[in-house]
Amino acid sequence: MSVAYGGTRVLTNITLDVARGELVALLGSSGCGKTTLLRSIAGFVMPQAGRIRVAGRDITALPPEKRGTAMMFQSYALWPHMTVAGNIGYGLKMRGAGKDQIARRVDEMLTLLQMRGFGPRPVTQLSGGQRQRVALGRALAVDPSLLLLDEPMSNLDYKVRIELRHELRALQKRIGITAVYVTHDREEALTLADRIAVLDAGHVVQYGPPEKIFHEPASAFVAGFMGADNAIALIRGRDGTLSPSQAADGEPVTAHFRSDIARIDTAGGAQGAAELRLPGEVVQTLYVGQGYRYRVRTDGADVWAHASHRIDEGAPVAVVVPRDALLLFPRAAPNADRGAPGG
């Protein structure tokens, strides 16, 4: 499927399958096309090319209300003049359901969302987390074939977001709903999803289970976006050795690694066969609660690493990274790589 706004291509040749009962996360930075993809599935954006099918039914040309989908918006889009029950039952009312049917379904949703007794309450009196539950209940009340969620937790504080993240995952598994979830938060995607589609500039650049995306990124971009944002230019010799020296003979590669697997050594020493050792100088210190995060200036790049103890800025150190934790990607030529693209 492809989507364009005027002459600007937003999505290009997107192919995505979602299994019944699966939650798929669309993960990417702002402007990558993930919300446009979700709105295309919902029927708010028409594709320039390609087809959209739900349970084998071609819904490409159908209006949103005929697609069997339900969308939960980032803003929740609740009616402020209605009660909790009125909001949850709104979609059923628009579909012509009777009062008794609506009342039964609203009661089911309140029980499911652990909000019994909240039905008569105005939504303006609810907390952010409670409003999120009401918006989810409204989406689920119409029994959609596919639930679409557009960054529904981005407006919540961190503690509430963590709690609701686990609740949503448990609920999705319990009722077996099929869902597509847009987020820019990799931790959220890893926690919630059965599979993750990473988008960049209108393309799906990797699609697979969270573990594979995290441990086996298909590109330097995906590696950086999934947290391996340290990047340094190396030369890989024919015998597999890695050298920061660009004068060495071999294949130019970029090594990505996560700061939490790199340690700082202040004692000095030689590089072991199972590790990469990068001498440098501490140029920034950040206290992160259970230790310190340091920016170390090496010959190849500034990299981040962790240590449990405080080290003065300006101190000579070495960043030590296990060889099996390095994610290696080819470079066109030495010094051509400038690090991971932003995410």
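Numbering of residues begins at 1 and proceeds along the displayed sequence.
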Closer than 3.5 angstrom, by distance alone: can the side chain of [X] be matched with the main-chain N or O of [Y] as a donor-acceptor pair?
X	Y	value
Lys99	Lys93	no
Arg105	Gly89	no
Thr12	Ser2	no
Arg138	Ile88	no
Arg277	Ala318	no
Gln101	Leu92	no
Gln125	Pro122	no
Tyr294	Val319	no
Asp157	Val160	yes

Reported [atom1]-to-[atom2] distance for the pair [X] and [Y], which is rounded to 0.5 angstrom:
X	Y	atom1	atom2	result
Leu126	Thr83	CG	OG1	10.0 Å
Leu27	Arg195	CG	CZ	15.0 Å
Gln290	Ser308	CD	OG	11.0 Å
Leu192	Leu168	CG	CG	5.5 Å
His184	Ser154	NE2	OG	6.5 Å

Locate the shortest heavy-atom distance separating [X] from [Y]; write the atom from each residue and the value.
X	Y	result
Phe44	Pro64	CE2-CG, 3.7 Å
Ala139	Ala70	O-CB, 3.3 Å
Gly129	Leu164	CA-CD1, 3.7 Å
Met46	Arg67	SD-NH2, 4.3 Å
Met1	Ser40	CE-CB, 3.9 Å
Pro47	Ile52	CG-CD1, 4.5 Å

* Please report the C-alpha distance between Arg9 and Gln48 in whole Å, then the side-chain angles of each, then the deciding distance to 0.1 Å, and finally whether the side-chain hydrogen bond (donor to acceptor under 3.5 Å, both in side chains) criterion is met. => CA-CA 9 Å; Arg9 180 68 63 88; Gln48 185 183 48; 3.2 Å; yes
* Asked: Can the positive tip of Arg258 be found less than 6.0 Å from the middle of the six-membered ring of Phe214, inside 45° of the ring normal?
  -> yes
* Same cluster for Met71 and Val123 if Ile/Leu/Val/Met/Phe/Trp/Tyr side chains link at under 4.5 Å? -> no
* **hydrophobic_cluster_shared for Val204 and Leu23, side chain cutoff 4.5 Å** => no
Any side-chain heavy atom of [X] within less than 4.5 Å of one from [Y]?
X	Y	answer
Thr191	Arg169	no
Leu278	Val296	no
Ile162	Glu187	yes
Met94	Val142	no
Gln172	Leu147	no
Leu190	Met226	yes
Glu188	Glu151	no
Tyr292	Ile264	no

* Verdict with reasoning, Leu26 to Val180, per side chain to side chain contact (heavy atoms under 4.5 Å, CB included) -> CA-CA 7 Å; Leu26 306 180; Val180 178; 3.8 Å; yes
* Start with the C-alpha distance between Phe221 and Val198, add both sets of side-chain angles, then the distance that settles side chain to side chain contact (heavy atoms under 4.5 Å, CB included), and finish with yes or no. => CA-CA 10 Å; Phe221 172 81; Val198 182; 4.1 Å; yes
Before accepting this row, confirm whether a basic side-chain N of the pair [X]/[Y] lies closer than 4.0 Å to the acidic partner's carboxylate O.
X	Y	answer
Arg236	Glu251	yes
Asp107	Arg116	yes
Lys173	Asp194	yes
Arg104	Glu108	no
Arg263	Glu275	yes

* Are Tyr287 and Arg310 close enough, and set up right, to give a side chain to side chain contact (heavy atoms under 4.5 Å, CB included), and what steps lead you there? -> CA-CA 9 Å; Tyr287 179 63; Arg310 184 173 182 85; 5.6 Å; no
* To do: Tell me, with the steps shown, if Ser259 and Asn230 meet side chain to side chain contact (heavy atoms under 4.5 Å, CB included).
  => CA-CA 7 Å; Ser259 60; Asn230 282 324; 3.9 Å; yes
* Using the six-membered ring wherever Trp is involved, compare the ring planes of His256 and Phe329 and label them parallel, tilted or perpendicular (cut-offs 30° and 60°). => perpendicular
* Should Asp239 and Thr241 be marked as a side-chain hydrogen bond (donor to acceptor under 3.5 Å, both in side chains) after you check the CA-CA gap, both sets of side-chain angles, and the distance that decides it? -> CA-CA 6 Å; Asp239 59 355; Thr241 58; 2.8 Å; yes
* Do other residues, nucleotides or ligands put more than 12 heavy atoms under 6.0 Å from the CG atom of Asp302? -> yes
* Between Thr183 and Asp185, is any side-chain donor less than 3.5 angstrom from a side-chain acceptor? -> no
